[in-house]
Asks: 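Have a look at this one before I ask anything.
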Amino acid sequence: QVRLVESGGGLVQPGGSLKLSCTADLTLEYYAIGWFRQAPGKEREGVSCIFGKFSTSGRTVVYGDFVKGRFTISRDLSKNTVYLQMNSLKPEDTAVYYCAAKFLYSGSDYSATALYDYWGQGTQVTVSS
């Protein structure tokens, strides 16, 4: 049973920053790791993805349009961890954030939730003054 564990969520004021972590008991370089978020009453949406070594997309990372340079995804293979650094947070960024893993993904479209093999339990991010 593969486990993905998110951490780093919390309450932050508008304009503030948070760094989310997704630690997985799998070999990250073989997986595309996506970050998603779900606000109350809304569908889960893709935030960002870092592709594994088998991607043919020509890109290592991709972001949702709403990110607009505010978020940065990265990974530390030695720690089996993917990070999402979130800056200039807005109230509309409030949601539960999830990470998900797709084994041996060679595509470029990361945003379909049905694509992923494994999901974490989520971490709450609240942006409020």
Asks: Using the test disulfide (SG to SG under 2.5 Å), find all partners of Cys99 that sit at least two apart in sequence or belong to another chain.
Replies: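 Cys99: disulfide (SG to SG under 2.5 Å) contacts with Cys22.
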Asks: Between Asp109 and Ser111, which heavy-atom pair has the shortest distance, and what is it?
Replies: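 Minimum heavy-atom contact is OD1-OG, 3.0 Å.
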Asks: Kindly confirm or rule out a cation-pi arrangement of Arg37 over Tyr98, judged by NZ or CZ under 6.0 Å from the six-membered ring centre and within 45° of its axis?
Replies: no
Asks: Rounded to the nearest 0.5 Å, how far apart are CZ of Arg3 and CG of Asn80?
Replies: 12.5 Å
Asks: Do Phe103 and Val5 land in one hydrophobic cluster if side-chain heavy atoms of ILVMFWY residues count as linked below 4.5 Å?
Replies: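 No, Phe103 and Val5 fall in different hydrophobic clusters.
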Asks: In Å and rounded to the nearest 0.5 Å, what is the OG1 to CG distance from Thr126 to Asp93?
Replies: 11.0 Å
Asks: State the CG-NZ distance between Leu77 and Lys53, to the nearest 0.5 angstrom.
Replies: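 Taking CG in Leu77 and NZ in Lys53, the distance rounds to 10.0 Å.
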Asks: When rounded to the nearest 0.5 angstrom, what is the spacing between CG in Leu84 and CD in Glu6?
Replies: 11.0 Å
Asks: Please determine whether residues Val62 and Tyr83 belong to a single hydrophobic cluster, defined as Ile, Leu, Val, Met, Phe, Trp and Tyr linked transitively by side-chain heavy-atom distances below 4.5 Å.
Replies: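 Per the 4.5 Å side-chain linkage, Val62 and Tyr83 are not co-clustered.
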Asks: State which residue, out of Tyr118, Tyr105, Phe51, fulfils the side-chain contact (heavy atoms from CB on, under 4.5 Å) condition with Tyr31.
Replies: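 So the option named by the test is Tyr118.
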Asks: Are the side chain of Gln85 and the backbone of Phe71 linked by a donor-acceptor contact shorter than 3.5 Å?
Replies: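 It does not hold such a pair.
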Asks: If you take the centroid of each ring, where Trp contributes its six-membered ring, are Phe36 and Trp119 closer together than 6.0 Å?
Replies: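 For Trp119 and Phe36, the ring centres are under 6.0 Å apart.
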Asks: Cut-off 3.5 Å, no hydrogens considered: what does the side-chain donor-acceptor table look like for residues 11-19, sequence neighbours left out?
Replies:
| residue | atom | partner | partner atom | Å |
| --- | --- | --- | --- | --- |
| Ser17 | OG | Asn87 | OD1 | 2.9 |

Asks: According to disulfide (SG to SG under 2.5 Å), does anything in residues 64-97 pair up with another residue at least two apart or in another chain? List the pairs.
Replies: none
Asks: Hey, any chance Tyr97 and Tyr63 share a hydrophobic cluster, counting ILVMFWY side chains that come within less than 4.5 Å of each other, even indirectly?
Replies: yes
Asks: So, applying side-chain contact (heavy atoms from CB on, under 4.5 Å) with Trp35, which one of Val67, Ile50, Val47 is it?
Replies: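 Option passing the side-chain contact (heavy atoms from CB on, under 4.5 Å) with Trp35: Val47.
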Asks: If you look at every heavy atom in Asp76 and Leu28, which pair is closest and at what distance?
Replies: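 So the minimum-distance heavy-atom pair works out to O-CD1, 4.3 Å.
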Asks: Cluster question for you: counting only ILVMFWY and a side-chain heavy-atom cut-off of under 4.5 Å, with indirect links fine, are Val82 and Val96 together?
Replies: no
Asks: Do Tyr110 and Val61 share a hydrophobic cluster (ILVMFWY, side-chain heavy atoms under 4.5 Å, transitive)?
Replies: no
Asks: Which atom names give the shortest non-hydrogen contact between Leu89 and Arg70, and what distance separates them?
Replies: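 For Leu89 versus Arg70, the nearest heavy atoms are CA-NH1, 3.9 Å.
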Asks: Could you pull out the closest heavy-atom pair between Leu4 and Gln121, with the gap in Å?
Replies: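 Of all heavy-atom pairs spanning Leu4 and Gln121, the closest is O-OE1, 3.5 Å.
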Asks: Give me the atom names and distance for the closest heavy-atom approach of Gly9 to Thr123.
Replies: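 Closest heavy-atom pair between Gly9 and Thr123: N-OG1, 3.2 Å.
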Asks: Is it the case that more than 12 heavy atoms not belonging to Glu92 sit under 6.0 Å from its CD atom?
Replies: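 Above 12, so yes.
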Asks: Does a donor on one side chain sit under 3.5 Å from an acceptor on the other, for Thr23 and Thr81?
Replies: yes
Asks: Do side-chain atoms of Thr94 reach the backbone of Val127 as a donor and acceptor pair under 3.5 angstrom?
Replies: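 Yes: the side chain of Thr94 pairs with the backbone of Val127.
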Asks: To the nearest 0.5 Å, how far apart are CE in Met86 and OG in Ser48?
Replies: 11.0 Å
